[in-house]
Amino acid sequence: MSSLVRNWRELFGRVTPEPESPAVGDVTLAARDITVERGGRHILEGVSIEVRAGEVVVLVGPNGAGKSTLLAALAGDQPVIAGRVDVEGTDLTQWSPIDMARRRAVLPQKHTIGFSFSARQVVRMGRSPWAGTGREDRDGAAIAAAMKTCDVEGFANRPFAVLSGGEQARVALARVLAQETSTILLDEPTAALDLGHQEAVMSVARARAADGDAVVVVLHDLALAAAYADRIVVLENGRIAADGPPESVLHEELLTRVYGYPVEVFPHPTTGATLVIPRREFTEQNR
């Protein structure tokens, strides 16, 4: 046994057999009536959600609604004070950290690296959970494919710290893709990206779901959510206000209430795709 594998086991404890790929429709993650408290305040209260292989679930809602907290709870990075989170049907607390790393990959909002790692080295970190396993042979191919998908090959050898915010975001996403887990959790992956790369990221999410993975994404852009989601979960004050296909969730009355601002929902005049925009009143004075 290599020293690296021994170190993983010393740090992270018991490791179960390598996970099998779920079938499309299988529940990979589930929150069961969870409540999360922070600073004496309930950030989430009585929230239940299932994440299934083969679908893109988008979490939306205003600032402070609990989107990132719910994603962190599903990832196992945020403790719950009531309810439970299941991973592949087993209480999350029964899995070791390395077991979790082999089952879900997480893209946080902030991409902080404490040392002078190159972009390629950061992407390579995504392969750490597979050290000493039969999947270690895929390291090179997985890293190369992830870097190509995220369009980061051109600065592979540059220090991560000197990259722009958008470049760092793409490298961080490449790390997540290189990890090759059956569930992917992305917290605002398009926030620092230009229009083209926003579309590219969501196309990647859509492609991974088409290949049978489960994908959960936190977004602020409702039109982007409408274009790429199989399901949209609307959060309001720490509770779920709606959960369903875009066409059943994206309604003006609901969104106007949740966001506290008038919203228009209408089909694109050419494609019929759902468009969601704030209602703007223009006068000659403010044109």
Side-chain angles (χ1 to χ4, degrees), residues 1-13 15-21 71-72 75-77 95-193 197 200-205 207-208 211-217:
M1 183 186 302
S2 72
S3 59
L4 178 59
V5 176
R6 279 199 305 272
N7 288 341
W8 269 100
R9 291 185 175 176
E10 288 170 3
L11 286 170
F12 300 120
V15 180
T16 60
E18 292 179 31
E20 297 181 0
S21 297
L71 194 82
D77 296 331
W95 297 105
S96 71
I98 191 171
D99 286 327
M100 291 292 293
R102 292 177 178 176
R103 285 164 174 79
R104 60 91 180 102
V106 185
L107 180 72
Q109 284 186 34
K110 297 181 180 179
H111 317 293
T112 304
I113 302 294
F115 300 93
S116 254
F117 292 110
S118 69
R120 187 187 304 278
Q121 288 172 322
V122 171
V123 177
R124 182 174 292 277
M125 292 175 187
R127 299 301 301 168
S128 297
W130 305 112
T133 74
R135 301 193 192 186
E136 190 173 26
D137 292 342
R138 277 201 45 77
D139 284 3
I143 292 165
M147 294 187 73
K148 181 177 181 180
T149 296
C150 296
D151 190 25
V152 299
E153 297 166 298
F155 43 85
N157 296 318
R158 289 170 58 191
F160 181 83
V162 306
L163 300 178
S164 71
E167 290 169 340
Q168 288 184 351
R170 283 151 52 199
V171 170
L173 177 61
R175 174 192 58 77
V176 166
L177 298 182
Q179 197 167 331
E180 294 190 322
T181 57
S182 58
T183 300
I184 303 173
L185 307 174
L186 310 174
D187 196 353
E188 297 190 33
T190 62
L193 302 181
H197 283 108
V201 166
M202 293 308 298
S203 293
V204 168
R208 289 295 294 259
D211 287 340
D213 293 332
V215 184
V216 185
V217 189

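Remember, predicted model here, so these are calculated numbers, not experimental data.
Nearest approach of Ala142 to Ala178, heavy atoms of both residues: CB-O, 3.9 Å. Across every non-hydrogen atom of Ala205 and Val215, the tightest pair is O-CG2, 3.7 Å. Nearest heavy atoms, Arg135 versus Pro19: NH2-O, 2.8 Å. Of all heavy-atom pairs spanning Thr181 and Ala101, the tightest one is CG2-O, 3.4 Å. Minimum heavy-atom separation, Val123 to Ala146: CG1-CB, 4.5 Å.
Side-chain contact between Arg127 and Ile143 is present, with heavy atoms from C-beta onward closer than 4.5 Å. Annotation: side chain of Pro108 is not in contact with side chain of Asp187 (no heavy-atom distance under 4.5 Å). In this structure, the side chains of Glu167 and Val152 stay at 4.5 Å or more apart for every pair of heavy atoms. Within the 4.5 Å cutoff, the side chain of Met202 has heavy atoms near those of the Val217 side chain. No side-chain heavy atom of Gln121 sits under 4.5 Å from any side-chain heavy atom of Phe160. At a threshold of 4.5 Å between non-hydrogen side-chain atoms, the residues Glu136 and Asp139 count as touching. The shortest distance between side-chain heavy atoms of Leu71 and Val216 falls below 4.5 Å. Between Ile184 and Val176, some side-chain heavy-atom pair lies under the 4.5 Å cut-off.
To the nearest 0.5 angstrom, Glu20 atom CD is 11.0 Å from Ser182 atom OG. Interatomic distance, Leu107 CG to Arg175 CZ, rounded to the nearest 0.5 Å: 6.5 Å. Taking CH2 of Trp95 as the reference point, atom CE of Met100 lies at 9.0 Å (rounded to 0.5 Å). Note that CG of Asp99 and CD of Glu18 are 10.5 Å apart. Values are rounded to the nearest 0.5 Å. Between the CG atom of Asp213 and the OG1 atom of Thr183 there is a distance of 7.5 Å, given to the nearest 0.5 Å. Here the straight-line distance linking atom NE2 of His197 with atom CG of Asp151 works out to 4.0 Å at 0.5 Å rounding.
Counted within 6.0 Å of CZ on Arg124, heavy atoms from surrounding residues, nucleotides or ligands total 12 or fewer; the atom is thus considered open.
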Legend entry - CA sep, side-chain torsions, deciding dist, call: Arg120, Phe155, side chain to side chain contact (heavy atoms under 4.5 Å, CB included): CA-CA 8 Å; Arg120 187 187 304 278; Phe155 43 85; over 6 Å; no

Legend entry - Evaluation steps, side chain to side chain contact (heavy atoms under 4.5 Å, CB included), between Leu177 and Met147: CA-CA 9 Å; Leu177 298 182; Met147 294 187 73; over 6 Å; no

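At distances below 3.5 Å, at least one donor-acceptor pair connects side-chain atoms of Trp130 with backbone N or O atoms of Gln179. Under a 3.5 Å cut-off, the side chain of Thr190 and the backbone N or O of Leu193 do not form any donor-acceptor pair.
Taking the charged nitrogens against the carboxylate oxygens, Arg138 and Glu180 do have a contact shorter than 4.0 Å, which makes a salt bridge.
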